[in-house]
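Working notes, beginning with the structure itself.
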Amino acid sequence: MLMMLQKFCGVLTLILAVLYAYQAFYVVVGLLRRKYPVSGQAKTLHRYAVLISARNEEEVIGELIESLQQQDYPKELLDIYVIADNCTDATAQVARQAGAHVYERFDRVRVGKGYAMDWFFHRLEEEGKGDVYDGYFVFDADNIVDPAFVREMNNVFDSGDYAAITCYRNSKNYASNWISAGYSLWFLREARFLNFSRMQMGTGCAISGTGFLVSAQVVRDNGGWPYHLLTEDIQFSIDCAVQGRRIGYCDKAVVYDEQPTTFQQSWTQRMRWSKGFYQVAARYIGGLFRGCFTQKKGRFACYDMMMTVAPGMLLTMGVLGVNIFIFLSALTEPRIVATELVQDSLLFVMDNLFNFYLVMLLYGAVTLAVEWKAIHARAVDKVIYLFTFPLFMLTYIPISLAALVRRVEWKPIRHNSSASLKAKNGSLT
């Protein structure tokens, strides 16, 4: 029986490798076509609203608003709104002084950006502004936006082909430590070897929390923003795939955001992400599976999104867990049998951990090589943090396990101004 379990684990590992093998093709596309443009010049300059949901972000909200006011885009076509969501500091005051329209919201029950956005859209509707804008940009308070961001996003949006558009996500503090570098490299990989490749292949992309543009028509069709799970961004992306809506990507639109630097912050944030992925999978996996067979144009997008939210890490942990069980059970067997089973189980576990480290190292190395000039850090830091990147990814194992059994709620993360970040590590130029 124990030997049969070992063979089953081997077969399951092979199946997982086959199911995710298509992402290797994404890497090839990202490498071969990385200099190809993804959009032309827009014929129309659309009117947009910027939406920033902020909770106790007085230290950074002014910098984001300033960067938005410096956009290479007509100011009369870009209105900036801040939702001061359950704030106990001067976020609202700082945002008003910086020139934003501020809405203060106090709701201790419906907590999170998804609820805040939904509330805001209903407020606009009540004020007769539901038809004023063609689209809404969504940012986090800690972001800094490249001056060409809105114009470049408008170039893609003007085609009318997309329900939403995501951007190139870079980091304000890559070189702070191995945790911030791990996050940063992961998001750069997502931009270059997932969304860019998806855009080149004509399939749907996925938004990633911040720096995205959503069509006002989608908001109107949805009656607001009905995405309230812990990961409302991936929920929206999955819902678009199920509904046959396409999300685009703009490679030239760059946003910088601040990554956590302590393991406690990282644990809290990624716990929420892991729990949110479980929630999304439970709600949408059936619709995605059906879409793989029933949708005319979005079949591959449904498969891609299904594999994105599928508990691949959980299955991997299950395989490792079974081998640990085999290892412990083998101790009760006769010595000859026990020795063979123990050796096989240990080799299987070590081999899988080594392969995971190696794959993440290669993935990180390719990303680092391609995005080297875009990363604001010393060369020595880039190289050192490449080797800690797989370790950062390995920490998802205990996080994913804990998310299965623990109750998770949205919690804010304290951010720092760009000036203070630069004083600490000099990573932002």
Side-chain angles (χ1 to χ4, degrees), residues 19 22-23 26 38-39 46 48-49 51 53 112-122 124-125 130-131 133-138 153 156-167 190 194-250 273 276-311:
L19 290 175
Y22 75 95
Q23 293 195 7
Y26 278 170
V38 295
S39 65
H46 295 271
Y48 300 108
L51 173 56
S53 179
K113 186 166 70 174
Y115 285 113
M117 290 173 62
D118 195 29
W119 176 85
F120 169 79
F121 288 131
H122 282 94
L124 280 189
E125 191 68 32
D131 297 323
Y133 303 105
D134 297 320
Y136 300 94
F137 286 100
V138 180
M153 292 287 272
V156 180
F157 180 81
D158 190 54
S159 68
D161 296 333
Y162 306 105
I165 301 166
T166 189
C167 71
E190 182 180 76
L194 287 182
N195 283 329
F196 176 82
S197 298
R198 288 165 175 159
M199 189 70 169
Q200 291 290 330
M201 295 170 61
T203 189
C205 303
I207 66 171
S208 182
T210 189
F212 66 91
L213 168 62
V214 60
S215 168
Q217 187 58 53
V218 171
V219 175
R220 288 191 288 267
D221 290 344
N222 288 338
W225 191 258
Y227 308 105
H228 304 146
L229 299 181
L230 288 171
T231 47
E232 77 287 334
D233 53 347
I234 194 63
Q235 183 186 4
F236 171 74
S237 301
I238 299 303
D239 187 65
C240 283
V242 171
Q243 299 297 328
R245 294 169 174 162
R246 188 177 167 198
I247 297 176
Y249 168 73
C250 183
W273 290 354
F277 266 65
Y278 294 150
Q279 291 175 342
V280 173
R283 180 172 298 188
Y284 291 95
I285 201 75
L288 288 171
F289 183 77
R290 289 190 296 270
C292 293
F293 301 96
T294 59
Q295 285 199 22
K296 294 182 179 180
K297 295 183 178 180
R299 293 180 181 178
F300 184 74
C302 283
Y303 176 79
D304 189 12
M305 291 300 105
M306 183 172 67
M307 298 312 299
T308 297
V309 299

Side-chain donor/acceptor pairs under 3.5 Å, residues 301-310, sequence neighbours excluded:
residue : atom : partner : partner atom : Å
Y303    : OH   : L19     : O            : 2.8
D304    : OD1  : Y22     : OH           : 2.6
D304    : OD1  : R198    : NH2          : 3.4
D304    : OD2  : Y26     : OH           : 2.8
D304    : OD2  : R198    : NE           : 2.7
D304    : OD2  : R198    : NH2          : 3.3
T308    : OG1  : D304    : O            : 2.8

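- Within 6.0 Å of CZ on R299 lie more than 12 heavy atoms contributed by other residues, nucleotides or ligands.
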*asked:* side chain to side chain contact (heavy atoms under 4.5 Å, CB included), that's the test. Do T231 and Q279 meet it? Break it down for me.
replied: CA-CA 8 Å; T231 47; Q279 291 175 342; 5.6 Å; no
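- Here the side chains of I234 and W273 are not in contact, with every heavy-atom distance at 4.5 Å or above.
- At a threshold of 4.5 Å between non-hydrogen side-chain atoms, the residues L51 and F121 count as touching.
- Atom CD1 of I238 is separated from atom CD1 of I285 by 8.0 Å, given to the nearest 0.5 angstrom.
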*asked:* The test is side chain to side chain contact (heavy atoms under 4.5 Å, CB included); show your working for L229 and R283 and say whether it passes.
replied: CA-CA 10 Å; L229 299 181; R283 180 172 298 188; 3.8 Å; yes
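- In this structure, the side chains of Q23 and L194 come closer than 4.5 Å at one or more pairs of heavy atoms.
- Taking OG1 of T294 as the reference point, atom CZ of F289 lies at 10.5 Å (rounded to 0.5 Å).
- At a threshold of 4.5 Å between non-hydrogen side-chain atoms, the residues E232 and Y115 do not count as touching.
- Taking the six-membered ring where tryptophan is involved, the planes of F120 and Y136 are perpendicular, since the angle between them exceeds 60° and thus also 30°.
- In this structure W119 satisfies the ring-ring contact (aromatic ring centres under 6.0 Å, His included) test with no other residue, sequence neighbours excluded.
- Taking the six-membered ring where the residue is Trp, F236 and F212 present parallel rings, their angle staying beneath 30° rather than reaching 60°.
- Considering only heavy atoms from C-beta on, R245 comes within 4.5 Å of D221 through its side chain.
- Atoms CE and OG1, from M199 and T166 in turn, are 11.0 Å apart once rounded to the nearest 0.5 Å.
- For Q243, the side-chain hydrogen bond (donor to acceptor under 3.5 Å, both in side chains) test picks out no residue, with sequence neighbours left out.
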